[in-house]
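For reference, positions follow the sequence shown, starting with 1. Predicted model only: the values in this text are computed from it and were never measured. Note that ligands are numbered from 1 as they come in the structure, with each ligand's atoms numbered from 1 the same way.
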Amino acid sequence: MSLTPSRPAPAAPLKRGDIQNVLANSGYGSSFSVGSSSTSTSSYASSHYSGIGGSPNRNSDGMTSSNIVRSGVVSIKEDFLISLWRPKWMVLKDTTLSIHKNESASQAQNTVQLGDISNIERTDLKPYCLLVETKDKRMYFSLKSDEELYGWQDDIYSRSPLMGVSNPTNFVHKVHVGFDPISGAFTGLPDAWSKLLTKSAITREDYQKDPQAVLDVLEFYTDHQKRELEELGFGGSNNLSVRSANGGPSTLSPYDNASAPRFNAGTGLGGAAGMSKSSSMDRQQLSRQESAPAGLNGDISSGPNGAPLSSSAALARAAEFVGGSQAQHHANTISAAASQNGARAPIPGSLQASRPAPPRPLLTANRPAPPAPQGALPKPPLPEHTPSSADLLARAKAQGPPTETRTAKPPGLNTDILPQRSESLTPVTAQRPNMAPAKSSPANTFPATQPAPGAAGSTVGPPPIKPLQPKKPSQPAVTVTPAHDEDKDSGVAAAAAALEKPSPKEKEKRISTMNEAQIMEKLRSVVSKDDPKQLYSKIRKVGQGASGHVYVAKTLATGKKIAIKEMDLSNQPRKELIVNEILVMKESQHPNIVNFLESYLVRNNELWVVMEYMEGGALTDIIENNTLEEDQISSICFETCKGLGHLHSQSIIHRDIKSDNVLLDAAGHVKITDFGFCAKLTDQKSKRATMVGTPYWMAPEVVKQKEYGAKVDIWSLGIMAIEMIENEPPYLDEEPLKALYLIATNGTPTLKKPESLSRELKGFLSVCLCVDVKSRATAAELLEHDFLKKACALPGLAPLLRFKQKQAS
Ligand SMILES: Nc1ncnc2c1ncn2[C@@H]1O[C@H](COP(=O)(O)OP(=O)(O)OP(=O)(O)O)[C@@H](O)[C@H]1O
């Protein structure tokens, strides 16, 4: 479909169904729809589509007309409350919409002039229901499918002069999430998203390149915020997404505020830290303070003159943004805890760096695009962004014929980056075209990072609008995070309820049945009844996690050292994650997993988890204090991969693989830890759709909120390998929303110095960091990879721990 200004109609969607829950899930409103052109041939509707100026329609004699655009059976209701649904034959011509008793009735029962139509939008009344409004009439049309709905909607919309021309503002905001390639602006974005986008480093070129991805990451980002707020008890089922009967939000969502803060991820509260300067926790806090981007949360982490606020002040300020005394109370509590411990509470922002950022000014929305990368990884076996032909078609349709304003090809169409199958492991050094610095097209002369008039959410500027696809139509009450029944059945992730947000897929939506008391009951059933204080004696604190302190202790009976993770349950908003962790650790004993030894409930609210002691600590610290050789990287990857292979063979996905969650002991053993985010796959549910993990390590399919499987861990392993090579994961310095966009769109990340790496290592990375999930290696396949054959023996890792002795002395 043409997207030239002469046709102010919505065009075909980029990817139908992909963002259907964009708004509904984010609490932005309940009623919106998307447009597309569709040649519906549903047998239900028997619709015909001849297009503009198409050949005469095959209708009954009475209605045969050269200007019939579309006709078909629809179920109609003329009044919301009183009237009944009745099957009718509807005929759209260039200037009228007429309702006939049936297909052969030539006389229309009712005719609406398209010039009178003031609104057309999708509604909740039925699954595929369209509302058409004139000044004095509201009609509801129930259709059979999205295709039909979009087809009718587009065709009516494009011929209704009040739509998008004389009254575009109303329409756009109520109805379409669209992208106008001419002005390079999104239309119909919720206010909060517009603000986020305006503040982010995502450029207009980015919008042009992949508008769908921009919406994906906005959704991801706001969902992420929502979940984290829920974790802190700022939201949750009571006040987050509850909708009133008419579909509108019944309570104010904190996410309506674009400045809503983001909080520390993990199992719960960003606890106060009391670690030595080199500890990863301390570094995380430092990093969060240093790199808090002004663009997204600088407004809560900066004082009036732009100076960073103290973390407690920032947190308190964050609470103000959330609003309400509960939030303020939380902030105060956390701040108090932080100062009590003489430590800084983390600045809200789990999307931020978990490594110390290099000293530099706070990121701002005007941060320039990153320079072109120096090199690229070998091409993965299949194209990173090879869209299906349907995708390509939809995109091509949506984008229309090339115009001067379209500077970027969709990634999938960019033949420069399409790897050849036969060259799958061949290193390439060409720059990734889609990583090149942004260029302004002639029609796009606004600074790349500065929203132009008509940019995100703007109502300025005429259509054409390229409609994008909210993931699902508005839906009622998205409430508490559900547990997956099969998880419960399996005994693993029994209480992972709150972990799981309602999936984009309606079928996955479940309501958690586990309340706090049940979770505690479950916990009591898995812990030992013994008194741990009679069994162990603590030696010293060795770590600080989000949910508690970690101590090295001595087993009184044997003298053997063990680690105890001690958690105050009264401070754990996500107790189910802890139960999850215990259950997974208990069931998944393996040499490459930090083995669970026992757990205890002390005084009913203190949980002790006793596990193997890994004196080498987290790989993060090792990376920070060493330059790793390839054989050492290989060895760590090999060991981690064995652990992953074991988990995956048990149908468990770890979902948070990163250097922080890989521990080493003095002998060089490498083990995976932190099972709070694990998910158990079952026959009934072999894929997941929940957004879990740490953004920089997340696979594109997770960021794009698609269904995913165990291979997300393989992607994260690849990112962890990059950490070992480059000290940090890709995009760590990017502004968070931009980082998400880059993960979603860039495909396999590029390396800073590919020329310094062996062919085997680059090949390994390419099969881990393969966007095409089918082509991404499994853990078993990786174990056979040439690079892992280079692994040094475990004692070869021991020198990496020398820094610890130096630190201790
Ligand atoms: N078994 C262990 N042996 C030695 N040190 C450990 C062990 N487990 C954890 N640690 C240390 O304690 C730190 C915190 O561990 P923890 O698992 O609590 O971290 P976390 O994943 O950030 O927290 P949480 O799981 O509560 O979100 C680790 O970074 C590590 O240095």
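- Atoms of ligand 1 found under 4.0 Å from any heavy atom of Val594, numbered from 1 in the order shown, are 1 (N).
- Counting only distance, with no hydrogens or angles, the side chain of Asn661 and the backbone of Ile657 share no donor-acceptor pair below 3.5 Å.
- Trp697 and Trp715 get closest at one heavy-atom pair: O-CD1, 3.4 Å.
- Under 4.0 angstrom from ligand 1, there are no non-hydrogen atoms of Asp660.
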Problem set entry | Steps toward side chain to side chain contact (heavy atoms under 4.5 Å, CB included) verdict (Ile719, Lys658) | CA-CA 8 Å; Ile719 299 294; Lys658 53 180 179 176; over 6 Å; no
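- Considering backbone and side-chain atoms together, Lys565 places an N or O closer than 3.5 Å to an N or O of ligand 1.
- In summary, the atoms of ligand 1 found under 4.0 Å from a heavy atom of Tyr613, numbered by their order in the structure, are 3 (N), 4 (C).
- Under a 4.0 Å criterion applied to the non-hydrogen atoms of Met611, ligand 1 contributes the atoms 1 (N), 8 (N).
- In this structure, Glu606 pairs ionically with Arg603, as a charged nitrogen and a carboxylate oxygen lie closer than 4.0 Å.
- Near Ala563, the atoms of ligand 1 lying under 4.0 angstrom from a non-hydrogen atom of the residue are 1 (N), 2 (C), 3 (N).
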Side-chain polar contacts of residues 554-563 - donor-acceptor pairs under 3.5 angstrom, sequence neighbours left out - could you list them?
from   : atom 1 : to     : atom 2 : distance (Å)
Thr555 : OG1    : Lys560 : O      : 2.9
Thr558 : OG1    : Lys560 : N      : 3.1

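- Salt-bridge check for Lys738 with Glu735: failed, with every basic side-chain N at 4.0 Å or more from each acidic carboxylate O.
- Proximity of Thr673 to ligand 1 is not established, as no heavy-atom distance is less than 4.0 Å.
- At a 4.0 Å heavy-atom cut-off, ligand 1 does not touch Glu615 at all.
- For atom 30 (C) of ligand 1, the nearest non-hydrogen atom from the set Val662, Leu663, Asp665 belongs to Leu663.
- Remark: His669 pairs with no residue by the ring-ring contact (aromatic ring centres under 6.0 Å, His included) rule, at least two apart or across chains.
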